[in-house]
Amino acid sequence: MRKIVFLFTLFLASTLFATDNNDGKRVIVLDPGHGGVDTGVKSEDFQEKEIVLEIAKLIKARNKFQDTEFIILRTEDEQMSNENRAKLISNFNPDLVLSLHVHSNVKSTVKGLEAHISPMNNCYDDSKKYAEKINHKLMDLGFENIGIKENNTKILRDPQAPTVMLHIGHLTNEEDKAIVTNEKNYTIIADKILEALE
Ligand SMILES: [Zn+2]
């Protein structure tokens, strides 16, 4: 009996240790999409790669959670392959991954928030919860909510953590564009995303 108790304690300790691998801190990786020659969606002078980088920096700067550390995958205007992004993400051993994008559509009438998650990710259910919560908060800016779509791209599939690709509106729609290119909204977008992570 004593041996069983010992083994159970050992098992418990190892699982605790395994989940507490970042000094007890919650590590959230922010992945601003695109970069370098890969601009993402463009409209007039506005480029997706710049918008999402600004928002990522603001999320990190406005973080008030004592127990949470944000890591931004690219802090400069540099091109990164999906393979590299996925590799870097796994090195950080994150508790959550948020990939930041602005969407586009051939139809300029298509608008709204659209979050992508992968059914092949181990943490699909939690990914879905975060996606719903964040989209719900971002609706406060006046966005419509298209909802959640499934996407098995490497960045969403590989991480051993809840992973969500956010599309913060459509740059190809005039109403969304007015929201997502107004720099005054960037701090609000950052704060709404932070609120969803409480
Ligand atoms: Zn994108």
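Just so you know, ligand 1 is whichever comes first in the structure, and atom 1 is the first atom listed for that ligand.
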K.L.:
Distance from I155 atom CD1 to R157 atom CZ, nearest 0.5 Å?
P.N.:
10.5 Å
K.L.:
So which N/O/S atom does H101 have closest to the Zn ion (ligand 1)?
P.N.:
ND1
K.L.:
Strictly under 2.8 Å, is any N, O or S atom of H34 next to the Zn ion (ligand 1)?
P.N.:
yes
K.L.:
Looking at E48, pick out the N, O or S atom nearest to the Zn ion (ligand 1) and give its name.
P.N.:
OE2
K.L.:
Would H101 and H170 count as a close aromatic pair, with their ring centres under 6.0 Å?
P.N.:
no
K.L.:
Check the surroundings of atom CD in E78: do more than 12 heavy atoms from other residues, nucleotides or ligands lie under 6.0 Å from it?
P.N.:
yes
K.L.:
Taking L58 as the starting point, is it possible to reach F70 by hopping between hydrophobic residues whose side chains are less than 4.5 Å apart?
P.N.:
yes
